[in-house]
Amino acid sequence: MFERLQQKWKVGGLQLAFIISTFAIGGSLTGYAGKKILNVLAIREDWLWTVIYILLITVIWPLAVLIVSIPLGQFPFFIKYIRKIGRRMGIVRSSEFRVGDPETKRSLTTHDSRLTTHVVIFASGTGSNAQKIIDHFRNNPAVKIVLIVCNNPEAGVLRIAKKENIPALIIEKDHFFRGDAYIKELKEKKTDLIVLAGFLWKVPGTLIKTFPGRIINIHPTLLPRYGGKGMYGNAVHEAVIAAKEKESGISIHYVDELYDHGKIIFQARCPVLENDTAQSLALRIHALEHEHYPKVIEKLIVK
Ligand code: GRF
């Protein structure tokens, strides 16, 4: 159970201990404060006492937990946690885009009054996912692939760009990590959504801040397992096979400043067979990616 919580919250063992302590102390404080307040109010009817107690606890609990989380060094975790609950209850507005959410669709559509959503694909390799995305939206006037950004002049995706008549931007390491001229180009293209499809560099903070909630990635495992630096190409499938996993899959997620870390939008699974090699597993994973990535992108975009 603890291991699952660690995975779910993406925290280490020590932090999990602090989080559980915060819950325990915050919960006890809430109960104590709730009863004290009710004593002062001196309510006689049982039903009214219960209703007011529940209401008080609902208000006091987030405050108590946040206060306790400060000395235990867990404030950033709990503020995020409480916001998440607030979003689920519809009290807090989400700053992230969610698949199928009408608000999301409206905001993701375009930055201005255009009818077409402008998508930019970032890719470093063969580009089979890029090709599937291009094919999927070929006859859809609501979506246009306006640019392909690539960091490798030899990449197959550049041939796809040429064949499809989509402008390509080859970007050098220095410009990507230290300059921001390419951001100007993305703005000029009126980019609404950036889709990473096998792009191997970590996305810099400046790009994420310029396009908040508008950059997504696909990863060939069931995150949070087998993500992070170096987890790409055959290495990632070799790791899955070496760990004797019975299943693997794909994850489509928002991009944040850590490798393969942002909020997961969609996952699909496939079996890992006993005699699988990295190559045979990669084929199965690619088929899943090709089937789902274009559809998930479509769901993110208004029709
Ligand atoms: C895919 O497996 C994707 O999950 C990963 O990079 C690979 C890109 O493949 N991020 P392709 O270039 O689209 O064929």
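One-based numbering, in listed order, for ligands and for the atoms of each. Values below: every heavy atom of this structure, side chains too, minus hydrogens, waters and symmetry copies.
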*Ion pair check, K132 and D135, cut-off under 4.0 Å*: no
*Check ion pair K184-E188 (N to O, under 4.0 angstrom)*: yes
_Atoms of ligand 1 close to T126 [distance to a heavy atom under 4.0 angstrom, numbered from 1]_ = 12 (O), 14 (O)
_If I apply the N/O under 3.5 Å rule, does N217 come out as touching ligand 1?_
no
_Distance-only side-chain donor-acceptor flag, N151 / S124, under 3.5 Å_ = yes
*Residue pair S248 / H237, side-chain donor-acceptor N/O under 3.5 Å*: no
*asked:* Under a 4.0 angstrom heavy-atom cut-off, which atoms of ligand 1 come close to E289?
replied: 1 (C), 2 (O), 3 (C), 4 (O)
*asked:* Within ligand 1, which atoms have a heavy atom of G198 less than 4.0 Å away?
replied: 5 (C), 6 (O), 8 (C), 10 (N)
*Within-cut-off N or O pair, A130 and ligand 1, under 3.5 Å*: no
*Working to the nearest 0.5 Å, report the span between CD of E289 and CD1 of I133.*
9.5 Å
_Starting from atom 9 (O) of ligand 1, what is the nearest protein heavy atom, named by residue and atom, and what distance separates them?_
H286 NE2, 3.2 Å
*In the protein, what heavy atom is nearest to atom 10 (N) of ligand 1, and what distance, to one decimal place, separates them?*
I218 O, 3.0 Å
*Which of the ligand 1 atoms, numbered from 1, are nearer than 4.0 Å to a heavy atom of S128*: 11 (P), 12 (O), 13 (O), 14 (O)
*Answer yes if the side chains of H118 and D192 hold a donor-acceptor pair under 3.5 Å, and no otherwise.*
no
*For G127, is at least one N or O under 3.5 Å away from an N or O on ligand 1?*
yes
_Over 60° means perpendicular and under 30° means parallel, so tell me whether F23 and W61 are parallel, tilted or perpendicular._
parallel
